[in-house]
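Report on one structure; see the data block that follows.
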Protein chains: 2
Amino acid sequence: MNFAGQRQWTAAFSTEALCARILDRHRDTVRVQKPHVAVANLARIIEATLKLSNKQGFHATSLRDLAQASGLSMGGLYSYFDNKRTLLSMILGEVSTTVSEVLRAAPEGTADDPLGHLKWLIETHIRLTEAMQPWFVFAYMEAKSFPAAERRMAVDSEAATEEIFAAILRQGVASGKFAVADIELTASLIKPLLQDWYVKRAKYRKRSTSVEQYIDAVTEIVAATVLPRG
Amino acid sequence: MNFAGQRQWTAAFSTEALCARILDRHRDTVRVQKPHVAVANLARIIEATLKLSNKQGFHATSLRDLAQASGLSMGGLYSYFDNKRTLLSMILGEVSTTVSEVLRAAPEGTADDPLGHLKWLIETHIRLTEAMQPWFVFAYMEAKSFPAAERRMAVDSEAATEEIFAAILRQGVASGKFAVADIELTASLIKPLLQDWYVKRAKYRKRSTSVEQYIDAVTEIVAATVLPRG
DNA sequence: AGAGAAAACGAGCGCTCGCTCGATTTTTGA
DNA sequence: TCAAAAATCGAGCGAGCGCTCGTTTTCTCT
């Protein structure tokens, strides 16, 4: 992933691109045949869902609201999902598969450079959540009210991310480059630092904090924590 | 605040004690006259509200659920609030006044000891959220769907807490005891470290992480971040 | 051009929601 | 002791929910 060439990112994580992947995964429940029609309408539906749900919550967003905001009719919506809960897992599923795909694609040469790998992970995670901000806000905010299956999916996804961090910390400690007392607990505490960027996004926007500033600040905190003092 | 004598804390932040303060602040909307009856029933109502809302969300919790869980009737509930939204602001109001009261009561001698003050703040904040865990989970989770007035209240409360941290960082930097590049951003990032304890409480319980371990880990991260490297 | 398929439509169904209010029970005080 | 006051009750209201399905519109292909 090259952060200088941001055009690739915005294209790869556009609503259209993400909805094309959702369509692939839900071909059986989407009753509209022609892919370009299906993707276009799915994009409108999901854009409306994210917009409304992030304001008032998914549960409080009615299908009538959704129909109006997406420009489809009540019945039209039901050509794209069989019930409201399915719409929810479409979005959640896309978030969790994307995050695990992206975070596992570390560049070469990080194998014996734990600090470099750690910095790459922090930057990539924050840039990804920036590119897919409404999606991450949605997944984070609605996670508590997910039905059991989707809830487990969210918890597992979070645990997987945490384990990626824990593995790097373990490797750094083993090679003597890091000094960390409680690896699991430290790995746990990195996550909320990354999440704050999209969870409290309004605050940072108001203060005009840039992504770069935010990445630097988190990187500095993590580095100060894991590097041996002296 | 003495953490060794935890009996004082559990008494001061019991549901009954908190509901007595809520009653004071909402005497005009509670139609039941006798205080001991009003406090007892308010406690049952709010305990039920916290329990059900933290499982399924406040919006998804119906007043019929609430009536059954609290042992009152539908009509009975409405002797204690005039509408569902009022019930919400009762809880939110109690959380935000309590947190600001407690955090401002730093022990003497912290004026010229920024690191000591910082550590006290971290420990006190985490202990408070531990004592009032369901209340904080509720306030955090439901904040997004608050009506405008309550939402502003929540944002202001968060900003106030952050400013307390920022002030200490500023003082520490001024006296040369701390080295912090971006004071406001660093103060912002301390908050999510404290919040993770109650937001992801299930995770830490599963790993049997103790409050003390958690306090130590956060304290260590913050200290490593603000102290000059040397 | 026009028939058959695909897509979109939206009024209406059963249901549950927040909330009310007259009836009923419990408490109070002379 | 017993009537007035306080507290509680729960069936019932209109509104809005998720979802369906007979109908209409739009597209496709010869």
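Protein chains get the first letters and strands the later ones, always in sequence-line order, with residue 1 at the start of each.
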- Task: Figure out the CZ/P separation between Phe58(A) and dG18(D), and round it to whole Å.
- Result: 9 Å
- Message: Quick check for you: among dA7(C), dA11(C), dA11(D), whose closest atom lies nearest to any side-chain atom of Met74(A)?
- Response: dA11(C)
- Query: Roughly, in whole Å, what's the span from CD in Gln68(A) to P in dG16(D)?
  - Reply: 14 Å
- Task: Mind listing the closest non-hydrogen atom pair of Thr29(A) and Met90(A) along with its distance?
- Result: OG1-CE, 4.1 Å
- Item | Touch class at under 4.0 angstrom, heavy-atom based, for Tyr80(B) against every strand present | sugar-phosphate
- Message: Can you see if the side chain of Tyr78(A) gets near the phosphate of dG18(D) - specifically, an N or O under 4.0 Å from OP1 or OP2?
- Response: no
- Query: Side chain of Arg64(A), base of dG16(D): donor and acceptor closer than 3.5 Å?
  - Reply: no
- Query: Looking at CZ of Arg207(A) and CD of Glu184(B), how far apart are the two atoms once the value is rounded to the nearest 0.5 Å?
  - Reply: 6.5 Å
- Item | Over all atoms of both residues, closest heavy-atom pair of Phe13(B) and Leu18(B) | O-CD1, 3.4 Å
- Out of curiosity, Thr15(B) OG1 to Glu94(B) CD, how far, rounded to the nearest 0.5 Å? 11.0 Å
- Message: Under a 3.5 Å threshold, yes or no: a donor from one side chain and an acceptor from the other, between Arg21(A) and Thr98(A)?
- Response: yes
- Would you kindly give the NE2-to-P distance between His36(A) and dA6(C), to the nearest whole Å? 15 Å
- Ignoring backbone atoms, test whether Ser62(A) places a side-chain nitrogen or oxygen under 4.0 Å from the OP1 or OP2 oxygen of dC17(D). yes
- Message: Without decimals, in angstroms, what is the distance between Asp82(A) CG and dC21(D) C1'?
- Response: 16 Å
- Message: Between P on dC19(C) and CG on Leu66(B), what's the gap in Å once rounded to a whole number?
- Response: 12 Å
- Looking only at dA7(D), dG10(C), dC9(D), the nucleotide nearest the Ser73(A) side chain is dG10(C)
- Between dT16(C) atom P and Lys84(A) atom NZ, what is the distance in whole Å? 16 Å
- Item | Given dG18(C), dA8(C), dC19(D), the nucleotide with the shortest approach to the side chain of Val37(A) | dA8(C)
- Task: Find which nucleotide of DNA chain C each of Thr61(B) and Gln33(A) is nearest to by heavy atoms, and output the residue with the more 5' nucleotide.
- Result: Gln33(A)
- Message: What is the separation between atom CZ on Arg85(B) and atom P on dC17(C), rounded to the nearest whole Å?
- Response: 18 Å
- Message: If you compare every side-chain N and O of Asn41(A) against the phosphate oxygens of dA8(C) (OP1, OP2), does one of them come in below 4.0 Å?
- Response: yes
- Query: Given atom CD1 of Ile45(B) and atom P of dA7(D), what is their separation to the nearest angstrom?
  - Reply: 13 Å
